[in-house]
Enquirer: 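Take a look at this one; I'll ask things after.
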Amino acid sequence: MSLPRSTVQSLLASQELDRDVLVKGWVRSRRGNKYVQFIIVNDGSTLHTIQAVANAELFPEESLKDVANGAAVAIWGRLVASQGKGQAVEIQAAEITVLGKADPETYPLQKKATSLEFLREIAHLRPRTNTFGAVLRIRHALAFAVHQYFNDHGFFYVHTPIITGSDAEGAGQMFRVTTLPPEHPPRTAAGAVDYSQDFFGKQTNLTVSGQLEGELAAMALGSIYTFGPTFRAENSNTARHLAEFWMIEPEVAFNELEENMDLAEDFLRYLVRYALERCADDLQFLNDQYDKDLLGRLRSVVENDFQRLTYTEAVEILKSAKQKFEFPVDWGTDLQSEHERYLVEKHFEKPVILTNYPKEIKAFYMKLDDDGRTVRAMDVLFPGIGEIIGGSQREEDYAKLTARMAEMHVPADELDWYLDTRRFGTAPHAGFGLGFERLVLFVTGMGNIRDVIPFPRYPKNAAF
RNA sequence: GCUUCCUUAGCUCAGCCGGUUAGAGCAUCUGACUGUUAAUCAGAGGGUCCCUGGUUCGAGCCCAGGAGGGAGCGCCA
């Protein structure tokens, strides 16, 4: 019996019946009587399961004792049209081997649905559930689509460093990377920790963004993107933040804000369309189980243009809104979640791109508008998610950039390498950052970002 | 970090005004059933009521502190 293993997905789609097959997977359920037993198997290749039928002449009930929920099994048999009603095909089992037992008394997953909070505590086993199988397959498809899109559009994938020697990237608190002994680190004469004796001879951190390095690459290769892990040591306790997450950051030389928005919109639409086309079963399952509006919302994103408006226009809309807000709206302050939600979910009822924010509330590298008050920033806001993309046209003028850095107390000496792009052959360029988990959150309709990454990292939690 | 809610069987939860031996559904185990579809039916086992301290004749229930979890807010992607 040296039959190659077939996936459940390929067997369910097979037109070729009455042939010998081998399937390997994990038992989801076994039921029946002393004459016939039905074994339901999933192997992760698809949301769906295949049913193996074990007749008592070949398999007395005692012999199937270990074929319990959660056990890994190999089943040889004949792929046949099902006699039952719930499925088109099934396997008439000839031989069943238990590859790995799962004690029903202690196996934490049961046939019945359970809470996402409980599954978060057993994140090492939750991929075996329908929900997380679906989420992880969709996550894969979206990651693949990211590379597909950029490759098709002439972008180069650039690997920016995970460990960074700069702590001035301006995107939040960083995790320190060091090999110095925490109890007795070497000290300088002045008593400070002597990082010159550390592994890299200086203070190093985990990256909070690959953008600055991405800009360097874009100023040579033209169109680039990064797609890698990113770390923020911020005490953010929300359903939309992680301490470790994956970020996609395209950067394009010669692009200005308008083209940056075009790229963001086309890119997001492509990703959502890709998932709708490739992950129909998984999305249908999530739609039915969690969010009846999911598929409609995804189609609406694919079919409708995003609403573009400036920060100033948004403030005017919010000020004349009938709705009362907890926080007042005032030009110059950043918009609150409730304001963004109003614009996206109530006023426009579609994704919104907000541009030209006051310079005071945005990063130092964003290009100053001619009025000197606003910068060429853009935030893409999605229903239920909030900010899914943050980006800008970058300040390419050396004098203006260094002036902004001085105003915002960004140490220019540490970013001298970055300033070289403005010294030598500077040019307009623009880019943005897309939080990959926020994209997966939107596409799957999950409510908590901790449920769209296999092993979530957040304050007080680094299990597994 | 702030606000607020929650923590009772493996899971999801109920538990009245503080009062005898803490309950249900599902799961598990045993049995029944000739093709089941989250199979069904019958029975059984299963509890540190999150922890610590307090009030009380008596605490799952009231009080204080702590731990863990959810939701919202802030920071942002």
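Source: prediction; values computed, not measured. A note on names: the letters A, B, ... follow the listed sequences, proteins ahead of strands, and every chain is numbered from 1.
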Enquirer: Quick one: side chain to side chain donor-acceptor pair (under 3.5 Å) pairs with a partner in residues 61-70 of chain A, sequence neighbours left out?
Expert: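 Those involving residues 61-70 of chain A do not exist here.
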Enquirer: Measure centre to centre between the rings of H241(A) and Y458(A), then say whether the value is under 6.0 Å.
Expert: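 No, they do not, as the ring centres are separated by 6.0 Å or more.
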Enquirer: Considering just the side-chain nitrogens and oxygens of R240(A), establish if one lies under 4.0 Å of OP1 or OP2 belonging to C73(B).
Expert: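 The answer is yes; a side-chain N or O of R240(A) sits under 4.0 Å from OP1 or OP2.
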Enquirer: Just wondering, do F245(A) and A77(B) stack (centres under 5.5 Å, planes under 30°)?
Expert: yes
Enquirer: Strictly below 4.0 Å, N to O, side chains only: are D291(A) and R297(A) in salt-bridge contact?
Expert: yes
Enquirer: Using a 3.5 Å limit for the pairing distances, which stems of at least 3 consecutive Watson-Crick or G-U wobble pairs does RNA chain B take part in?
Expert: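 Output for stems: B:1-7 with B:67-73, B:10-13 with B:23-26, B:28-32 with B:40-44, B:50-54 with B:62-66.
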Enquirer: Does R232(A) make a side-chain donor-acceptor contact with the base of A77(B), cut-off 3.5 Å?
Expert: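 Side chain to base: pair found, below 3.5 Å.
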Enquirer: What are the atom names and distances for every N/O pair under 3.5 Å that joins the protein to nucleotides 7-11 of chain B?
Expert:
residue : atom : partner : partner atom : Å
G10(B)  : N2   : Q110(A) : OE1          : 2.9
C11(B)  : O3'  : T114(A) : OG1          : 3.4
C11(B)  : O2'  : T114(A) : OG1          : 2.8

Enquirer: Can you check whether any acceptor in the base of G35(B) is under 3.5 Å from a donor in the side chain of N33(A), or vice versa?
Expert: no
Enquirer: With a 4.0 Å limit, can you tell me whether Q336(A) has a side-chain N or O closer than that to the phosphate oxygens OP1/OP2 of G74(B)?
Expert: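 Yes, such a contact exists.
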Enquirer: Whether the side chain of E90(A) and the base of G35(B) hold a donor-acceptor pair under 3.5 Å is what I'd like checked.
Expert: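 In this structure, the two groups form a donor-acceptor pair.
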Enquirer: Kindly indicate whether the side chain of F132(A), heavy atoms from C-beta on, has any atom under 4.5 Å from the side chain of D451(A).
Expert: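 Side-chain contact under 4.5 Å: yes.
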Enquirer: For residues 342-357 of chain A, pull every pair meeting side chain to side chain donor-acceptor pair (under 3.5 Å), keeping only residues two or more places apart or in separate chains.
Expert: Q323(A)-K346(A), N356(A)-D369(A), Y357(A)-D379(A)
Enquirer: Side chain to side chain contact (heavy atoms under 4.5 Å, CB included) with A72(A): which residues, sequence neighbours excluded?
Expert: W26(A), L99(A)
Enquirer: Suppose we screen for side chain to side chain contact (heavy atoms under 4.5 Å, CB included). Which residues come up paired with E258(A), at least two apart in sequence or across chains?
Expert: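 E258(A) satisfies side chain to side chain contact (heavy atoms under 4.5 Å, CB included) with M261(A), R308(A) only.
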Enquirer: Under 30°, 30 to 60°, or over 60°: which ring-plane class applies to Y149(A) and H153(A), parallel, tilted or perpendicular?
Expert: parallel
Enquirer: Give a yes or no on whether a salt bridge exists between R139(A) and D282(A), defined as a side-chain N under 4.0 angstrom from a carboxylate O.
Expert: no
Enquirer: I want to check one thing: is the phosphate of G35(B), taken as OP1 and OP2, less than 4.0 Å away from some side-chain N or O of K85(A)?
Expert: no
Enquirer: So, does R450(A) get its side chain near the phosphate of G70(B), meaning an N or O under 4.0 Å from OP1 or OP2?
Expert: yes
